[in-house]
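The structure appears right after this line, and notes come after that.
Keep in mind that this is a model prediction, so the values were computed, not measured. FYI, side chains are in, hydrogens and waters are out, and symmetry mates aren't considered; it's all heavy atoms of this structure. In what follows, every chain begins at residue 1, and chains take the letters A, B, ... in the order their sequences are listed.
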2 protein chains.
Amino acid sequence: MLQEAFSIGSHDCGDCPIRHRAVCARCEADELELLEEIKYYRSFEAGQTVIWSGDKMDFVGSVVSGIATLTQTMEDGRTQMVGLLLPSDFVGRPGRQGSAYDVVATTDLVMCCFRKKPFEQMMETTPHIAQRLLQMTLDELDAAREWMLVLGRKTAREKIASLLAIIARRDATLHLRGTDGPLVFDLPLTREAMADYLGLTLETVSRQVSALKRDGVIELQGKRHVTIPDFGRLLEEAGDDSDGGMLA
Amino acid sequence: MLQEAFSIGSHDCGDCPIRHRAVCARCEADELELLEEIKYYRSFEAGQTVIWSGDKMDFVGSVVSGIATLTQTMEDGRTQMVGLLLPSDFVGRPGRQGSAYDVVATTDLVMCCFRKKPFEQMMETTPHIAQRLLQMTLDELDAAREWMLVLGRKTAREKIASLLAIIARRDATLHLRGTDGPLVFDLPLTREAMADYLGLTLETVSRQVSALKRDGVIELQGKRHVTIPDFGRLLEEAGDDSDGGMLA
DNA sequence: CAGAAGCCTTGACCCAGATCAATCTCATGA
DNA sequence: TCATGAGATTGATCTGGGTCAAGGCTTCTG
């Protein structure tokens, strides 16, 4: 648990099959020592706002445990979720002033933070870190662009299926499982949060979830426990034979 | 013109008021010398595909002149534009294998390219470059996320206004003008391309452009020459008092 | 100059998803 | 135990934007 916090982001070290793990002793040893000195922890309760849009943001950091959402809001209240932060995800922009989004804790949340100034200085003396952050940011950019396709061109049913596929895949890789057998996981989002993610209303989300359940694409125990009997089928429903990279 | 090619991306050097310029002698002198040795040029005609989704991508580079689009396509043909590449924009992902999108030249296009391997080696020995790329990628990520709000939550009219605002602003800053007086520029996109950008059909784009014209928000000479008499009014129509950062 | 090919515009109609509203479920706690 | 309230579901109805279709405007080409 403590170990996780040493990571500055999702994992991707070449031949290592593990991605999205919060820690990998082999390739992060150097970062670990460097970051040790300037790090500290912050905890948030479910529902708490971690960062307000427009905040100064004097730190960067990564999620240790829990889930947070990244949202943008218009003056009239319309909101769009633009990212989901899961354990090992990085928050903040070295070299930039403020935040453009609200970051809200969806569950209880622990973050490992680094004061921004020292972190930036460290980036200059440790090229490895800048490159690592670049890789992570490129991944996020790919994910955001993939999501643009979902938002712009998919139907409500496809949107729901896409979101479920992404969460299911991420959950599976996080637990070092493949996507062959049935997948079981807990939905970390309310219907309303899903709607904000998908550019829909919560009623439409509810209807489409019910429809997917009725059609046997998913099974529900309660409102949050989801079973995907056939992941390939879900991908078809998502209109997506390729990868659902969001959160990747 | 040749000078522009030395740049590896949009400009942002602190107190310098110039952004989005392709070159800035002051702060890029070091990059210039380093990159000189491994760069070469490629030209494309309007309509040509620069990179196919899935290509190996053995180079990275930046746009010198002309415009290209970044698009994703579903198997059934639905397409979503996920980015617009204007002069000084960077293309490619150091450290990554292939491209996830199609890159298509919208106008005649000149790119300044660097073979990927040497470029990556150079990144390791020249931390400045990785950091610069990180800044650019963070900007792109912000832009992509801002666009997610447009795609997910805005009406057709607001979408059109948002796109026009973004192009107008980028055009103004590129020519070192403010956004106070009337803005005049050429639309670099067909109605169909706009539709692909906005997640709409070309008919809806046409209707809403006509409506904005009828309501005096924009003026049109021909189909492509646009005049924005009041930029603030346009931003209101976009549902957006803050910045339209896409392409920023 | 005529014809053709690309774009663009406009109209008529339709439907997926929004909106409005009622009800249900279930966890919490007095 | 029951009241409370936050989420979720479901139904009825409406509407913004999609779909289909018919021209219109330019720019090439022969």
**Q.** Rounded distance in Å - CD (A/Q221) to C1' (C/dT25)
**A.** 16 Å

(Q) Could you tell me if B/R145 sits above the aromatic ring of A/Y101, with its cationic atom closer than 6.0 Å to the ring centre and no more than 45 degrees from the axis? (A) yes

Q | Nearest-Å distance for atom pair CG/C1', residues B/D186 and C/dC7 | A | 16 Å

**Q.** Degree of bending in the helix from C/dC1-D/dG30 to C/dA30-D/dT1 once both end axes are built from five pairs, to 10°
**A.** 30°

Q.
Quick check against the 3.5 Å criterion: does A/D55 have a side-chain atom that pairs as donor or acceptor with the backbone of A/W52?
A. yes

Q. Ignoring hydrogens and geometry, is there a side-chain-to-backbone donor-acceptor pair from B/D171 to B/F185 under 3.5 Å?
A. no

Q.
Quick check against the 3.5 Å criterion: does B/D102 have a side-chain atom that pairs as donor or acceptor with the backbone of B/S53?
A. yes

Q) Rounded to whole angstroms, how far apart are CG on B/L189 and C1' on C/dC7? A) 14 Å

Q: Would you mind reading off the distance between A/R78 atom CZ and D/dG16 atom C1', rounded to a whole angstrom?
A: 13 Å

Q: Give a yes or no on whether A/E203 atom CD has more than 12 heavy-atom contacts from other residues, nucleotides or ligands under 6.0 Å away.
A: yes

**Q.** Test item: A/D215 side-chain N/O and A/L212 main-chain N/O as donor-acceptor pair under 3.5 Å
**A.** no

Q) Do any N or O atoms from the side chain of B/S162 and from the backbone of B/E158 form a donor-acceptor pair under 3.5 angstrom? A) yes

Q.
For a quick test of reading the model: is some side-chain N or O of A/R224 closer than 4.0 Å to OP1 or OP2 of D/dA8?
A. yes

Q: Take nucleotides 9-22 of chain C nucleotide by nucleotide from the 5' end and write B, S or -, depending on whether a protein heavy atom sits under 4.0 Å from the base, only from the sugar-phosphate, or from neither.
A: BBBB----SSBB--

Q) Quick one: salt bridge (Lys or Arg N to Asp or Glu O under 4.0 Å) partners of B/D58, sequence neighbours excluded? A) none

